[in-house]
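Notes for the one structure printed next.
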Protein chains: 2
Amino acid sequence: MGEMTIAEVSKKYNVTPDTIRYYEKIGLLPTIPRTKNGIRNFDEQSCRWLEFIKCMRSAGMEIEILMQYISLYRKGKSTVNERKKLLEGQREKLLEKQKNINQTIERLNYKIELYEEITSGKRKDFTEEIF
Amino acid sequence: MGEMTIAEVSKKYNVTPDTIRYYEKIGLLPTIPRTKNGIRNFDEQSCRWLEFIKCMRSAGMEIEILMQYISLYRKGKSTVNERKKLLEGQREKLLEKQKNINQTIERLNYKIELYEEITSGKRKDFTEEIF
DNA sequence: TATTGACTTAGAGCTAACTCTAAGTGATAT
DNA sequence: ATATCACTTAGAGTTAGCTCTAAGTCAATA
């Protein structure tokens, strides 16, 4: 194991080959090993990075930020503290996002409940004030 | 009350005038009342819509979907059930998003904790496997 | 040997959601 | 009266993050 083509990695992590190549091109992935014919030959490390990026992206973290993080990682151990600060900043952002989503879900719950009462006939005072 | 200029509404809901005009242009807001000079004169209802849209957008709900919802609303009471279904579908999407964000926050917590242990000297086995 | 099919590249094109520009109007302050 | 200032419009421009196209290489199969 630890030798995969772009198609296999694409399938495994559900990220299109185009997106993977795009990530590599902009420096979001460390240099991926190649076969003698120049074909990408993903190792363990490359896969782990991709999986990490996928997870962060799924929460909406910006590519720009991930690039900064990888840039720090490339500079080695001296950047550990900066990396930690970067992640803390991003965690703050996600907590904010989490709050917004939770609020919006609550609001949807309320509205759906209202509509439920209307359609079930439980609530008769329906006016178009309710939207 | 119930008579506000675009500048006041913009300030109150923290949405730029440009964005508000854009929303109106694409039909995302009901027709906003105007003064005799053609200047927008926001009433209660317009404000409530804007606030609703802002809340939904803050959770990432697509404008296209919000337009569908408003289109149903405009058709009147007969669309109540469709509106409910639309909102239920969107709630599903938000629950998925919520899951992703929660997972990512957990992962960040773990990584930040790890970095904390490294910088505090508690953890000596630091290798660049940890990224 | 010819074709198939997965891979390669550079670079153009796309979508969502704004954001800005330029030119104009009309009420108010000096 | 003149200048200022918030408002108006249509439409162009921007940004992030892909996504697609065209042209080409190479190994394996019919």
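FYI, side chains are in, hydrogens and waters are out, and symmetry mates aren't considered; it's all heavy atoms of this structure.
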Remember a base hit wins even if backbone is also touched, and classify B:Thr16 as base, sugar-phosphate or nothing at under 4.0 Å, heavy atoms.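 Nothing, no nucleic acid heavy atom in range.
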So A:Asp18, base contact, sugar-phosphate only, or nothing? Heavy-atom distance under 4.0 Å. base
To the nearest Å, give me how far apart [atom1] ([X]) and [atom2] ([N]) are.
X       : N      : atom1 : atom2 : result
A:Leu50 : D:dC18 : CG    : C1'   : 15 Å
A:Lys25 : D:dG17 : NZ    : C1'   : 12 Å
B:Met4  : D:dC7  : CE    : C1'   : 16 Å
B:Phe42 : D:dC7  : CZ    : P     : 10 Å
A:Arg21 : D:dC20 : CZ    : C1'   : 11 Å
A:Asn14 : D:dC18 : CG    : P     : 13 Å
B:Asn41 : D:dT8  : CG    : C1'   : 15 Å
B:Arg34 : D:dA6  : CZ    : P     : 18 Å

OP1 or OP2 of D:dG17 under 4.0 Å from side-chain N/O of A:Thr19: no
Phosphate contact (D:dA27 OP1 or OP2) by A:Asn37 side-chain N/O below 4.0 Å: yes
Could you tell me the boundaries of the chain B footprint on DNA chain C, defined by atoms under 4.0 Å from its heavy atoms? C:dA17 to C:dA27
So which one's nearest nucleotide on DNA chain C is more toward 5', B:Tyr22 or A:Ile39?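 By nearest-heavy-atom nucleotide position, the 5'-most residue is A:Ile39.
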With the threshold set at 4.0 Å, does a side-chain nitrogen-carboxylate oxygen contact exist between A:Glu51 and B:Arg107?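 A salt bridge links A:Glu51 with B:Arg107.
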NZ/NE/NH1/NH2 to OD/OE distance under 4.0 Å, B:Lys75 and B:Glu82: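 Looking at B:Glu82 together with B:Lys75, the answer is no, because their closest N to O distance does not fall below 4.0 Å.
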Does [Y] offer a backbone N or O that forms a donor-acceptor pair with the side chain of [X] under 3.5 Å?
X        : Y        : value
A:Lys54  : A:Tyr13  : yes
A:Lys97  : B:Ile101 : no
A:Gln103 : A:Asn100 : no

Report yes if the side chains of B:Tyr22 and B:Ile63 come closer than 4.5 Å at any heavy-atom pair, otherwise no. yes
Would you check if B:Cys47 and B:Val9 make a side-chain contact, meaning some heavy-atom pair closer than 4.5 Å?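 Yes. Closest side-chain heavy atoms under 4.5 Å.
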